[in-house]
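Structure, as structure tokens:
Numbers for residues simply follow the sequence, beginning at 1. Everything numeric in this text was worked out from a predicted model, so none of it was measured.
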Amino acid sequence: MLFTFIVCGLHAQKDSVLTIKSILMEQLKTTHNVEDWFVPASLAVQDLTADQANWKDKSDNHSIAQLTTHLIFWNKQLIDKFKGIKPAAFNGNNKETFTAVDKTTWPATVKRLDSVLTEWESAVMAADDKKLLAWYSRIAHIGTHNAYHTGQILYIRKMKGWWDDKNGVK
């Protein structure tokens with residue numbers, strides 16, 4: 001019995017060799033649309049109205065819409081650089097990456113977030129090891145950045161009563 005367990009365990013390890021690509025893909029997917037230890041961005045922004053997305057408290061905290069546009073901006077900047085495309089001009093003022101939306105632009109903003117996160121996954125899957133070795137730290141940081149701001153989005157939703165734990169992982 002123990003022998004069977006060891007053989008099966010060794011076989012499973014052999015079939016799931018960790019690579020930079022597999023690690024980055026797991027991080028990108030779990031911060032995009034795969035539920036795992038935390039709620040991914042796609043679930044965090046779904047089923048919100050533009051009014052809800054734009055809600056802000058009286059402090060300098062950002063709204064869900066602002067956090068979402070900020071995520072889109074930085075993911076797009078870095079994916080363009082990763083792909084060798086000149087990114088959109090940026091004057092260095094990070095505050096300008098947090099923008100409001102309206103009833104017309106909010107649905108498109110949600111789709112754009114999904115699109116840019118999907119673009120990252122496709123680009124990493126298509127990249128060779130040399131490219132990933134040169135970029136792994138920046139890609140890992142963008143995943144961490146996405147998770148951080150997704151947590152802020154969930155905090156706002158829970159604080160306002162706009163989150164039902166049935167929406168995703170707890």
Side-chain angles (χ1 to χ4, degrees), residues 23-125 127 135-170:
I23 293 166
L24 291 173
M25 286 302 298
E26 180 178 20
Q27 185 179 30
L28 290 171
K29 288 179 179 185
T30 59
T31 58
H32 174 201
N33 60 7
V34 173
E35 294 181 65
D36 196 20
W37 284 35
F38 47 85
V39 175
S42 63
L43 289 180
V45 297
Q46 81 177 12
D47 299 329
L48 288 171
T49 67
D51 288 339
Q52 289 172 320
N54 282 317
W55 179 88
K56 282 181 55 147
D57 62 18
K58 291 180 174 62
S59 73
D60 285 336
N61 290 329
H62 300 293
S63 69
I64 290 171
Q66 290 174 314
L67 294 166
T68 304
T69 58
H70 173 76
L71 287 174
I72 292 166
F73 177 86
W74 283 112
N75 276 274
K76 185 63 177 153
Q77 283 280 306
L78 286 173
I79 191 62
D80 284 350
K81 289 178 184 178
F82 182 78
K83 294 168 87 175
I85 300 168
K86 184 179 179 182
F90 176 56
N91 68 9
N93 184 354
N94 192 48
K95 288 183 180 185
E96 292 180 8
T97 69
F98 296 92
T99 58
V101 299
D102 61 32
K103 290 178 183 178
T104 305
T105 59
W106 175 242
T109 300
V110 171
K111 287 179 185 171
R112 183 71 184 123
L113 178 63
D114 180 64
S115 174
V116 74
L117 296 178
T118 299
E119 188 176 355
W120 261 120
E121 292 167 19
S122 297
V124 168
M125 279 304 295
W135 273 83
Y136 76 89
S137 180
R138 284 176 276 187
I139 297 168
H141 281 96
I142 200 74
T144 302
H145 182 251
N146 293 344
Y148 171 74
H149 287 304
T150 299
Q152 290 178 305
I153 291 168
L154 286 169
Y155 178 81
I156 294 167
R157 288 191 71 158
K158 287 183 177 192
M159 178 183 63
K160 294 297 290 176
W162 302 332
W163 184 259
D164 181 339
D165 280 334
K166 291 182 229 160
N167 288 3
V169 289
K170 289 135 187 107

Of all heavy-atom pairs linking Ile153 and Ala44, the shortest is CG2-O, 3.6 Å
Roughly how far, to the nearest 0.5 Å, is OG of Ser122 from CD of Glu119? 8.0 Å
Could you tell me which non-hydrogen atom of Ala88 sits nearest to which non-hydrogen atom of Gln77, and how far apart they are? O-NE2, 2.9 Å
Are side-chain heavy atoms of Thr30 and Phe38 found at a separation under 4.5 Å? yes
State the OG1-CG distance between Thr97 and Leu67, to the nearest 0.5 angstrom. 9.5 Å
Which atom pair, heavy atoms only, marks the closest approach of His32 to Pro40? O-CB, 3.2 Å
Quick check: closest heavy atoms across Leu117 and Thr31, and the distance to 0.1 Å? CD1-O, 4.2 Å
Taking atom OG1 of Thr109 and atom CG of Leu71, what is their separation to the nearest 0.5 Å? 11.5 Å
Any chance you could lay out the side-chain contact (heavy atoms from CB on, under 4.5 Å) test for Lys56 and Ile156, step after step, and finish with the verdict? CA-CA 9 Å; Lys56 282 181 55 147; Ile156 294 167; over 6 Å; no
Go through the side-chain N and O atoms of Asn33 and Asp114 and say whether any donor and acceptor fall under 3.5 Å apart. no
Under 6.0 Å from the NZ atom of Lys103, do we count more than 12 heavy atoms belonging to anything else shown? no
For atom CG of Asp60, decide whether the heavy atoms of other residues, nucleotides or ligands shown that lie under 6.0 angstrom number more than 12. no
Do Gln46 and Ser42 have side-chain heavy atoms sitting under 4.5 Å apart? no
Only one of Phe98, Trp120, Phe90 passes ring-ring contact (aromatic ring centres under 6.0 Å, His included) with Trp74, and that residue is Phe90
Is the shortest heavy-atom distance from the side chain of Thr68 to the side chain of Val101 under 4.5 Å? no
If you compare all heavy atoms of Arg157 against all heavy atoms of Leu43, which two are closest, and at what distance to 0.1 Å? NH1-O, 3.7 Å
Could you give the distance from CG (Leu78) to CZ (Arg138), rounded to the nearest 0.5 Å? 8.0 Å
Should Val110 and Trp106 count as side-chain neighbours, where that means a heavy-atom distance under 4.5 Å? yes
Nearest 0.5 Å, please: how far is CH2 in Trp163 from CG in Leu48? 9.0 Å
Between the side chains of Thr49 and Asp51, does any donor sit under 3.5 Å from an acceptor? no
Under 4.5 Å between any side-chain heavy atoms of Ile139 and Phe82, yes or no? yes
Tell me every residue that passes side chain to side chain donor-acceptor pair (under 3.5 Å) with Thr105, counting only those two or more places apart in sequence or in another chain. Asp102
So with a 6.0 Å cut-off around CE of Met159, is the heavy-atom count from everything else above 12? yes
Would you indicate whether Lys29, at its atom NZ, is surrounded by more than 12 heavy atoms from other residues, nucleotides or ligands within a distance under 6.0 Å? no
CA sep, side-chain torsions, deciding dist, call: His62, Gln152, side chain to side chain donor-acceptor pair (under 3.5 Å): CA-CA 9 Å; His62 300 293; Gln152 290 178 305; over 6 Å; no
Please examine the side chains of Phe73 and Asn94, heavy atoms only from C-beta on, and report whether any two atoms are closer than 4.5 Å. no
Keeping the roles fixed (side chain from His141, backbone from Ser137), state whether a donor-acceptor pair exists under 3.5 Å. yes
Between Pro87 and Asp80, the two heavy atoms sitting closest are CA-OD2, 3.9 Å
Can we call the ring centroids of His149 and His70 under 6.0 Å apart? yes
Could you grab the distance from atom NZ of Lys160 to atom CG of Asp57, nearest 0.5 Å is fine? 9.5 Å
